[in-house]
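Worksheet for the structure shown next.
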Protein chains: 2
Amino acid sequence: MDLASARNLPATAHVVLGLVSIRPTAGHDLAGFSERSIGNFFPIARSQIYSELERLCRLGLLSVTEVAQERRPTKRVYEVTEAGEADLRLWLEDGEVPAERNRNLFLVRVFFADRISGQRLAALLDGYEANARARRDMLAAVVEKLADRPGSAFRRATAMFGVRHAQATLDWVSDVRLVLRDMSVCGVE
Amino acid sequence: MDLASARNLPATAHVVLGLVSIRPTAGHDLAGFSERSIGNFFPIARSQIYSELERLCRLGLLSVTEVAQERRPTKRVYEVTEAGEADLRLWLEDGEVPAERNRNLFLVRVFFADRISGQRLAALLDGYEANARARRDMLAAVVEKLADRPGSAFRRATAMFGVRHAQATLDWVSDVRLVLRDMSVCGVE
DNA sequence: TTTGACATGTAAGCCGTTACATGATTTA
DNA sequence: TAAATCATGTAACGGCTTACATGTCAAA
């Protein structure tokens with residue numbers, strides 16, 4: 001295996017490696033598991049999962065076994081190798097966590113909101129709020145489900161992060177609605 | 001101009017178009033302005049600004065004039081055309097705002113935190129907290145600076161969004177610290 | 001009979017990042 | 001004399017998304 005190439009792998013590869021390390025998985029199953037677990041803060045496209053699995057295999061970080069099934073297509077089940085475990089540990093322990101600069105196209109509309117009709121702006125706010133509320137409730141349910149379960153404190157924490165941020169969005173929407181009300185009272189527009 | 005191609009432009013192109021529409025600008029100046037204004041929720045690389053400007057020009061949404069300067073290199077100053085104004089209005093009014101699924105590599109570490117040493121985890125939390133605190137304070141200063149200034153309510157709102165979310169992060173870090181304390185009290189690890 | 005779940009991929013293409021390249025002028 | 005600011009780009013590369021392609025089996 002080429003150590004240098006493994007160290008330059010994109011984050012997605014390491015995340016896939018980490019997911020497989022939880023338990024041996026085939027591509028299709030992993031796509032589902034990824035979506036249900038880290039999907040809320042690190043979505044990965046199915047096609048990319050397949051290609052990452054193949055690359056990790058090529059680099060010797062994963063091994064693959066074909067598993068025949070009755071009444072189902074044959075699966076290609078991947079498993080972490082020793083080299084893979086080592087690489088994962090290294091990435092988790094020593095890898096740097098770059099500060100991410102996330103994009104938010106909704107805020108771009110707010111930035112240009114003086115060019116947007118009041119009607120449209122109200123609709124945008126409503127949609128954004130509904131989205132945040134649904135997200136908050138969904139994640140709050142996850143948090144509740146994981147409460148008091150011993151091994152899931154960290155996964156619960158990631159869901160709680162989403163709850164806190166969705167709530168922040170909801171609070172902010174209220175702020176903005178107040179600002180809009182003040183503006184219309186003052187006769188602007 | 002080709003309407004179909006304009007409608008398929010990536011968001012970044014429209015954002016650049018919007019920034020130029022605020023006032024005619026050259027690439028270098030626009031990079032600075034972008035960084036200082038929308039940079040906090042829609043960062044654009046300098047090189048990309050140059051290429052988007054060129055494309056928008058090619059599509060007839062911008063026009064360009066070379067402006068000679070004393071003691072400075074000549075600038076290529078871009079300006080929105082009528083077609084550009086129309087396209088921008090269309091994008092702001094009718095364009096869809098896709099729900100963005102942001103990545104957060106820090107949360108990935110939390111997800112895999114049972115494989116991380118307590119020392120490392122504490123360091124990660126400290127770093128994340130410091131980052132959020134700095135961000136919150138920086139944006140709070142922006143909010144304050146824009147207070148009571150008439151035309152800047154919406155830009156102020158975008159900064160307030162950042163404040164709310166940075167604060168949510170700080171609150172969450174406190175949550176996680178409590179969880180960690182409970183875990184160590186119970187003798188886990 | 002047709003929809004949906006299960007299962008694995010390929011191909012194309014653009015977006016976006018990073019690094020490179022150049023040169024004048026001001027300031028320390 | 002060196003570094004920082006002003007100014008404009010090019011080149012390369014990889015990541016990620018979208019769409020395409022194929023086939024079985026169960027259930028409605």
Side-chain angles (χ1 to χ4, degrees), chain A residues 5-16 20 24-36 38-39 42-59 62 64-78 96 98-103 105, chain B residues 4-16 24-36 38-39 42-59 62 64-78 96 98-103 105:
Chain A
S5 62
R7 213 153 293 178
N8 290 329
L9 285 175
T12 309
H14 291 288
V15 176
V16 168
V20 174
T25 333
H28 182 71
D29 293 332
L30 190 60
F33 178 53
S34 161
E35 190 63 25
R36 284 189 310 273
I38 61 170
F42 202 90
I44 311 177
R46 204 173 319 171
S47 69
Q48 204 181 348
I49 285 181
Y50 280 108
S51 54
E52 292 295 355
L53 285 171
E54 200 201 335
R55 161 163 49 180
L56 291 168
C57 223
R58 217 171 46 236
L59 291 172
L62 293 180
V64 65
T65 345
E66 304 234 336
V67 174
Q69 302 178 105
E70 287 180 29
R71 305 164 179 276
R72 288 267 177 275
T74 298
K75 280 184 176 185
R76 293 170 58 78
V77 175
Y78 293 86
E96 48 189 54
E100 334 211 25
R101 311 187 62 188
N102 288 320
R103 305 195 146 187
L105 277 172
Chain B
S5 61
R7 214 153 293 177
N8 292 329
L9 286 175
T12 309
H14 287 109
V15 176
V16 168
T25 333
H28 182 70
D29 293 333
L30 189 60
F33 178 53
S34 161
E35 189 64 25
R36 284 190 310 274
I38 61 169
F42 203 90
I44 312 176
R46 205 174 314 148
S47 68
Q48 205 181 349
I49 285 181
Y50 280 108
S51 54
E52 292 295 356
L53 285 172
E54 200 202 336
R55 162 162 51 178
L56 291 168
C57 224
R58 217 171 47 236
L59 291 172
L62 293 180
V64 66
T65 345
E66 303 234 335
V67 174
Q69 302 177 107
E70 287 180 29
R71 307 165 178 276
R72 287 268 176 273
T74 299
K75 278 184 177 185
R76 294 171 56 79
V77 176
Y78 294 86
E96 47 188 54
E100 333 210 28
R101 313 186 62 187
N102 288 319
R103 306 196 144 187
L105 276 171

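First the proteins, then the strands, lettered A, B, ... as listed; each starts at 1.
- Between B/P43 and A/N102 the shortest heavy-atom distance is CD-O, 4.2 Å.
- Applying the 3.5 Å distance criterion, the base of D/dT10 shares no donor-acceptor pair with the side chain of B/S51.
- Rounded to a whole Å, the CZ atom of A/R46 is 11 Å from the P atom of C/dC6.
- Nucleotide D/dT17 holds its C1' atom 14 Å from the CD atom of A/E52, rounded to whole Å.
- Applying the 4.0 Å criterion to OP1 and OP2 of D/dC16, one finds that A/T12 has a side-chain N or O inside that range.
- Between the side chain of B/R101 and the backbone N or O of A/I44, no donor-acceptor pair lies under 3.5 Å.
- OP1 or OP2 of D/dC16 sits under 4.0 Å from a side-chain N or O of B/R103.
- Within residues 26-33 of chain B, no residue places a heavy atom under 4.0 Å from DNA chain C.
- Between B/L56 and B/A13 the shortest heavy-atom distance is CD1-O, 3.6 Å.
- Closest contact between the side chain of B/Q48 and the listed nucleotides C/dC15, D/dG15, C/dT8 involves C/dC15.
- Of the possible polar contacts, none joining the B/E66 side chain to the B/K75 backbone as a donor-acceptor pair under 3.5 Å is found.
- Rounded to whole Å, atom C1' of D/dA11 lies 14 Å from atom CD of B/E54.
- Look at CD1 on A/I49: it is 14 Å from P on C/dA7, rounded to the nearest Å.
- Candidate nucleotides D/dT17, D/dG9, C/dA7 were compared by shortest atom distance to the side chain of A/K75, and C/dA7 ranks first.
- Here the closest heavy-atom approach between residue A/A31 and residue A/I49 is recorded as CA-CD1, 3.5 Å.
- Within a 6.0 Å radius of CZ in B/R103, other residues, nucleotides and ligands contribute more than 12 heavy atoms.
- Look at CZ on B/F42: it is 11 Å from P on C/dC15, rounded to the nearest Å.
- Closest approach of A/L59 to A/L9, counting heavy atoms only: CD1-CD2, 3.7 Å.
- Within the 4.0 Å cut-off from OP1 or OP2 of C/dG9, not a single side-chain nitrogen or oxygen of A/Y50 is found.
- When heavy atoms are screened at a 4.0 angstrom cut-off, B/R101 is found touching no nucleic acid atom at all.
- Whole-Å rounding puts the B/L9 CG to C/dG13 P distance at 18 Å.
- With rounding to whole Å, B/I44 atom CD1 is found 9 Å from C/dT17 atom P.
- Candidate nucleotides D/dT18, C/dG16, C/dT8 were compared by shortest atom distance to the side chain of A/R76, and C/dT8 ranks first.
- The distance from atom CD of B/E100 to atom C1' of C/dC15 is 14 Å, rounded to the nearest whole Å.
- Within the nucleic acid shown, B/R55 comes within 4.0 Å of sugar-phosphate atoms alone, with no base atom in reach, counting heavy atoms only.
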